[in-house]
Every structure is written in structure tokens, then in C-alpha cells.
Amino acid sequence: MATRHDRDTQERRRRLRERQERERREMRRRQQEQTAALHEIDGAVERLDAARAAVAAAVARGVDVFGSADALAEVVPFDAKEIRAFERHHRRQRPVAEPKVPAPAPPPASGEGTAAG
């Protein structure tokens, strides 16, 4: 009788281990899917931000070419308010994309700034 009891106990433990292993595999699979989804979202957001920046730059250039937001609004599917918002967006993004480097100082004229002068 003890042998049968031992076999039953071993079988229950084996089933428990198998179930726990299945649950661990399922959890890992879910985590991988979630991580992949988050990476996909991050990439899509980056592409969306880049597209918005491109539209803002194009609209800002259009305002320069057409002379005003109102003139541009007459020929594009944006109203003047939206165009001004794109211009603001472009101005805010420009310093990040194009860092300003101070111009180098002109060289001193001959004789100035030297110890001999």
C-alpha cells in the first residue's frame, strides 16, 4: 500500500512541476509579446514625431515662400491657426536639431594683442 501511495505522490508532484513549467513558459511568452509590443509602439511614436517635425518644417518653409500664414492657408488644407502652430512646433524643434555654434572670433589685427606691440 505504501508503494501505491508513493507512486500517487510522485505523480501529483510530476503533474505539479509540469503545470508550473507550463505557467512559467506562458509567462515568459506573454512578457516577450508585451516587450515586443512596447518596442513597436516606441518605434511608431518616433516615426510619428519625425513625420510631425517634417510637416512642421515644410509648413514653416511654405510660410517663408508664401510670405504669411494667411497666404499659405489659402492653398493648403490647414487654416492659419494650424499653420502658426506648425511654425511654433518647428521653431521649438529647430534648436534641438540644429545646435547653434558661436562664430569664431576674428583674428587680431597685426600688432594687436601681442606682447611685442
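Positions are given from 1, in the same order as the sequence printed here.
Under 4.0 Å is where a charged nitrogen must lie from a carboxylate oxygen, and between Arg25 and Glu21 at least one such pair does. Here Arg7 does not pair with Glu11 in a salt bridge; the nearest charged N to carboxylate O distance is not below 4.0 Å.
Counting only residues at least two apart or on different chains, the side-chain hydrogen bond (donor to acceptor under 3.5 Å, both in side chains) pairs with a member in residues 59-85 are Asp70-Arg84. Every pair passing salt bridge (Lys or Arg N to Asp or Glu O under 4.0 Å) that includes a residue from residues 30-46 is listed here, sequence neighbours excluded: Glu26-Arg30, Arg29-Glu33.
Residues passing the side-chain hydrogen bond (donor to acceptor under 3.5 Å, both in side chains) test with Gln10, sequence neighbours excluded: none. Partners of Glu18 under the side-chain hydrogen bond (donor to acceptor under 3.5 Å, both in side chains) rule, at least two apart in sequence or in another chain, are Arg14. Evaluation of the salt bridge (Lys or Arg N to Asp or Glu O under 4.0 Å) rule for Arg47 yields no partner, not counting sequence neighbours. For Arg22, there are no salt bridge (Lys or Arg N to Asp or Glu O under 4.0 Å) partners, not counting sequence neighbours. Shown here are the side-chain hydrogen bond (donor to acceptor under 3.5 Å, both in side chains) partners of Thr35, two or more places apart in sequence or in another chain: there are none.
Between Ala56 and His89 the shortest heavy-atom distance is CB-CD2, 3.4 Å. Across every non-hydrogen atom of Ala60 and Glu87, the tightest pair is CA-CG, 4.3 Å. Across all non-hydrogen atoms, the minimal contact from Ala80 to Ala73 is N-CB, 3.7 Å.
For the atom pair Arg19 CZ and Arg24 CZ, the distance stands at 10.5 Å (nearest 0.5 Å). The distance from atom CG of Leu48 to atom CD1 of Ile41, rounded to the nearest 0.5 Å, is 12.5 Å.
Within 6.0 Å of CZ in Arg13 there are 12 or fewer heavy atoms belonging to other residues, nucleotides or ligands.
Cluster partners of Leu16, using a side-chain heavy-atom cutoff of under 4.5 Å among ILVMFWY residues and allowing indirect links: none. Through side-chain heavy atoms spaced under 4.5 Å, either directly or across other Ile, Leu, Val, Met, Phe, Trp or Tyr residues, Val65 is tied to Val55, Val59, Val63, Phe66, Leu72, Val75, Val76, Phe78, Ile83, Phe86. Cluster partners of Met27, using a side-chain heavy-atom cutoff of under 4.5 Å among ILVMFWY residues and allowing indirect links: none.
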